Amino acid sequence: MFSRDALAERSASASRLTADHPRNAVTANLVSAAVVRPYNLPWRRKQGGRMAEKITPRATNYADWYQDVVKEAGLAENSDVRGCMVIKPHGYAIWEKMQRALDRMFKDTGHVNAYFPLFIPRHFLEKEAEHVEGFAKECAVVTHHRLIAGPDGKGLVPDPASKLEEELVIRPTSETIIWNTYRNWVQSYRDLPILLNQWCNVVRWEMRTRLFLRTAEFLWQEGHTAHATQQEAEEEARRMLEVYRTFAEEWMAMPVLTGPKSEGQRFPGAVYTLCIEALMQDKRALQAGTSHFLGQNFAKVFGVQFQDREGKLELAWATSWGVSTRLVGGVIMTHGDDQGLVLPPRLAPLHVVIVPIFKKPEERTAVLQAAEQLAAAIRNVPLREWLNYEPVVVKVDDRDQYQPGFKFTEWEVKGVPIRVELGPKDLEKNACVLARRDRPGKAGKEMGVPLTGAAARIAELLKEIQAGLFEKARQFRDANSYEVNSWDEFKAKIDEPGGFLWAHWDGTRETEDRIAAETKATIRCIPFERKNEAGKCILTGSPSEGRVVFARAY
RNA sequence: CGGGGCGUAGCGCAGUCUGGUCUAGCGCGCCUGCCUUGGGAGCAGGAAGUCACGAGUUCGAAUCUCGUCGCCCCGACCA
């Protein structure tokens, strides 16, 4: 336990670090500007300007909108540690949902979980040349193992006597330490394949950070597999990409393109990198997951050899694949609206909130009783399989200190898929009001839903919302994808309207780099789903065998 | 690492130029009570700050000087 003083000191320093946040000042300006926007939502009028809008509209400033949603929905906040976030319960609950669904899919494809150390001896990292170059610049390094009092007797400094013989690097990814271990595990083809995954944190010393999208420390899973043949490893890389695609589309309701990365975007140390790539509402791309075929690069440098059936010594073939807490950012930016977070039901930590309404004490009793009954019925709807064998989560918001209107707004900001409004007028008719989060305001309300059928209707609605969110996102993605045929058109369209630009490219690193330098657009992927179509590179005019997808990316 | 900005209550800010009126205010939030509850309620009372830190100038410093620390933004870099 912390002492009272220690806690006071902590909170004092927390305030110091956030109070001077200039972005807040900017946001405040935008927020007050937002108050004068057209009142398309009738109930806002009642506020009389007292209660400022807390969420910047997306059209005003998308980056501020994102920050506001993360904050107001209680997903995460900046910590006192530079570049690192505190993931708050609601945000972590979403990550837990993702973990559970993915973990089941990994297990279903034959993988098991394990755990490797946070610390990696420097010389491990030095072994694979490309890998070194890719990560060297962004590593946190442990140099000492003890603190002593400072020279003036105050504070603590690393004890010079405790300097480590060899520095330890905080893992930016675990290929090296895992393949160093695999060396001892693999002697025979019978030891293969190794199909292993770990859930853990990693650190990449990013200079500029954004909550969930890019932080110095983040949570992820990294799968590391070893195989006897190239074909098997390539199949594995492809299989796990398909797992990611399925998860993104069926759980996150986020449509993705799949395909290899260009050379310039490849993972350091990989032979090739496959990715899932999504389009956010501001028409910037988000790399949402990657699956790498690593060839024999790591087996070679860590000496992972085995004897095949004929007794010949062979090097093992490797894959690695990962998704991170960045996906939470992807959900926010795929589905969120100006009211706040919108969660796809299959990832929602809370599916249904029941807001009781009453005036007199006897009304309170009757309403709360009916609310609990309804909650129990909802908990029994047959959605367990669809929800990864987890229950439908229902909450009766019986807090006395807040009025219904406040609760409506609060649960909307937090993205709860369905709200039930239940008051005396409803009870007279044995009915309730259902409000779906994916259609805010009056448009999403179903009045007079009979209490006896409400649970069944809610089960339907949850599935409808999940499907609807995906469909809406897919339409958005398709509506913001363009085939572009000239350099001038490319330069114009990447600025306005933006989005996924399908264009011919001559396949060279030089051209890719030039395009990036001039437009900040990168090749997001070379989609599997592209058609065979000969053409000419938009920049150089050299022959191209098919279009690749360009976008500005997170 | 270069350029800019900012550190005053839990959060957002005013006060700093031009030292005394600051025994440091305001809004939101928080606590108590009353009242309210179908789209972010209202009234009354209250708690809460070593004005980032250190040294100096001065009769007197949130305010002036010097130093230190921290954070944010832009750029380079990147999941």
Side-chain angles (χ1 to χ4, degrees), chain A residues 8-29 31-32 41-55 63 71-72 77-83 134-138 155 172-173 202 204-210 212-216 218 220 222 261 265 267-268 273 275-277 285-290 322-327 329-330 339-340 355-361 363-364 367 399-413 419 421-426 432-433 435 440-442 445 447 522 553-554:
Chain A
E9 168 53 33
R10 276 164 173 253
S11 66
S13 78
S15 75
R16 213 178 301 131
L17 296 181
T18 46
D20 52 342
H21 201 300
R23 196 204 295 113
N24 288 336
V26 172
T27 307
N29 287 337
V31 166
S32 52
L41 302 169
W43 57 84
R44 301 261 183 226
R45 242 175 259 142
K46 277 197 154 180
Q47 299 317 308
R50 284 221 53 189
M51 183 78 72
E53 292 279 357
K54 289 182 172 168
I55 297 176
K71 182 179 172 207
E72 297 301 325
E77 58 191 42
N78 281 306
S79 74
D80 282 7
V81 185
R82 173 197 180 79
F135 288 104
K137 281 179 287 186
E138 50 185 37
T173 179
V202 287
R204 296 177 188 178
W205 210 259
E206 301 293 347
M207 303 197 191
R208 300 201 52 202
T209 60
R210 302 186 69 186
F212 291 115
L213 300 174
R214 172 167 291 107
T215 47
F218 56 96
W220 79 346
E222 46 181 327
K261 284 286 187 193
Q265 301 287 322
F267 173 78
T273 290
C275 68
I276 57 171
E277 201 76 22
L286 185 76
Q287 177 175 304
T290 47
V323 296
S324 72
T325 37
R326 172 176 251 205
L327 291 180
Q339 271 62 53
V355 178
I357 298 155
F358 47 79
K359 290 192 174 78
K360 304 170 211 153
E363 285 174 349
R364 182 192 146 95
V367 167
R399 293 175 299 173
D400 284 327
Q401 68 269 38
Y402 299 113
Q403 294 177 292
F406 179 91
K407 294 176 182 176
F408 293 174
T409 313
E410 177 169 272
W411 294 116
E412 268 171 14
V413 171
R419 179 182 67 243
E421 302 171 15
L422 189 61
K425 287 186 224 164
D426 303 298
C432 62
V433 175
K442 281 252 157 66
K445 285 201 186 191
M447 317 295 235
T522 48
Y554 275 98

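Letters A, B, ... mirror the listed sequences (proteins, then strands); counts begin at 1. On a predicted model such as this, the values are computed, not experimentally measured, just so you know.
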Pairwise [atom1] distance, [M] and [N] [rounded to whole Å]:
{"N": "B:rA52", "M": "B:rC13", "atom1": "P", "result": "15 Å"}
{"N": "B:rC64", "M": "B:rC6", "atom1": "P", "result": "12 Å"}
{"N": "B:rC34", "M": "B:rC26", "atom1": "P", "result": "26 Å"}
{"N": "B:rU37", "M": "B:rG42", "atom1": "C1'", "result": "12 Å"}
{"N": "B:rA48", "M": "B:rU8", "atom1": "C1'", "result": "14 Å"}
{"N": "B:rC31", "M": "B:rA47", "atom1": "C1'", "result": "7 Å"}
{"N": "B:rA24", "M": "B:rU68", "atom1": "P", "result": "31 Å"}
{"N": "B:rU65", "M": "B:rG5", "atom1": "P", "result": "15 Å"}

Under a 3.5 Å limit for both distances, which nucleotide forms a Watson-Crick or G-U wobble pair with [N], could you say?
{"N": "B:rA76", "result": "none"}
{"N": "B:rG45", "result": "B:rC31"}
{"N": "B:rU68", "result": "B:rA52"}
{"N": "B:rU37", "result": "none"}
{"N": "B:rU23", "result": "none"}
{"N": "B:rA14", "result": "none"}

_Is there, by distance only and without an angle test, a donor paired with an acceptor across the side chain of A:Arg214 and the base of B:rC78 below 3.5 Å?_
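Counting by modelled atom types and ignoring angles, a donor-acceptor contact under 3.5 Å is found here.
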Any base atoms under 4.0 Å from [X], or only sugar-phosphate, or nothing? Heavy atoms, all strands.
{"X": "A:Arg419", "answer": "base"}
{"X": "A:Thr215", "answer": "base"}
{"X": "A:Lys261", "answer": "nothing"}
{"X": "A:Asp426", "answer": "base"}
{"X": "A:Val355", "answer": "nothing"}

Between [options], which one does the side chain of [X] approach most closely?
{"X": "A:Gln403", "options": "B:rU36, B:rC30, B:rA79", "answer": "B:rU36"}
{"X": "A:Val433", "options": "B:rA79, B:rG38, B:rG40", "answer": "B:rG38"}
{"X": "A:Ser324", "options": "B:rA41, B:rG40, B:rA79", "answer": "B:rA79"}
{"X": "A:Thr409", "options": "B:rG40, B:rC30, B:rG38", "answer": "B:rG40"}
{"X": "A:Phe218", "options": "B:rG38, B:rC78, B:rA79", "answer": "B:rA79"}
{"X": "A:Lys359", "options": "B:rU37, B:rA79, B:rC78", "answer": "B:rU37"}

Measure the distance from [atom1] on [X] to [atom2] on [N] and round it to the nearest whole Å.
{"X": "A:Glu77", "N": "B:rC71", "atom1": "CD", "atom2": "P", "answer": "16 Å"}
{"X": "A:Leu327", "N": "B:rA79", "atom1": "CG", "atom2": "C1'", "answer": "11 Å"}
{"X": "A:Asn78", "N": "B:rC72", "atom1": "CG", "atom2": "C1'", "answer": "10 Å"}
{"X": "A:Lys442", "N": "B:rG38", "atom1": "NZ", "atom2": "P", "answer": "13 Å"}
{"X": "A:Asp400", "N": "B:rC35", "atom1": "CG", "atom2": "P", "answer": "14 Å"}
{"X": "A:Trp205", "N": "B:rC1", "atom1": "CH2", "atom2": "P", "answer": "13 Å"}
{"X": "A:Phe408", "N": "B:rG40", "atom1": "CZ", "atom2": "C1'", "answer": "11 Å"}
{"X": "A:Glu138", "N": "B:rA76", "atom1": "CD", "atom2": "P", "answer": "17 Å"}

*Side-chain contact test, heavy atoms from C-beta onward, threshold under 4.5 Å: evaluate it for A:Pro172 versus A:Val202 and give yes or no.*
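When only atoms from C-beta onward are counted, A:Val202 and A:Pro172 do not touch, as no gap falls below 4.5 Å.
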_Any side-chain heavy-atom pair of A:Val433 and A:Asp426 under 4.5 Å_ =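 A side-chain contact exists here, since the closest heavy-atom pair is under 4.5 Å.
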*Which comes earlier along RNA chain B counting from the 5' end, the contact point of A:Phe358 or that of A:Leu213, where each point is its nearest nucleotide?*
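Between the two, 5'-proximity favours A:Phe358.
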*asked:* If you assign A:Pro404 and A:Thr325 each to the RNA chain B nucleotide with the nearest heavy atom, which residue ends up on the more 5' nucleotide?
replied: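 Taking each residue's closest nucleotide, the earlier one in sequence belongs to A:Pro404.
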*Phosphate OP1/OP2 of B:rA79 contacted by A:Gln287 side-chain N/O (<4.0 Å)*: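 Looking at the OP1 and OP2 atoms of B:rA79, neither is under 4.0 Å from any side-chain N or O of A:Gln287.
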_Looking at every heavy atom in both A:Gly134 and A:Pro268, which two are closest together, and how far apart are they?_
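Minimum heavy-atom contact is CA-CG, 3.6 Å.
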Side-chain donor/acceptor of [X] to backbone N/O of [Y], under 3.5 Å:
{"X": "A:Arg364", "Y": "A:Phe358", "answer": "no"}
{"X": "A:Thr273", "Y": "A:Phe267", "answer": "yes"}
{"X": "A:Glu363", "Y": "A:Lys359", "answer": "yes"}

*A:Tyr554 six-ring face occupied by A:Arg214 cation (under 6.0 Å, within 45°)*: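 Negative - A:Arg214 is either too far from the ring of A:Tyr554 or too far off its axis.
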*For the rings on A:Phe408 and A:Tyr402, is their centre-to-centre separation under 6.0 Å?*
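Judged by ring-centre distance (under 6.0 Å), A:Phe408 and A:Tyr402 do not meet the cut-off.
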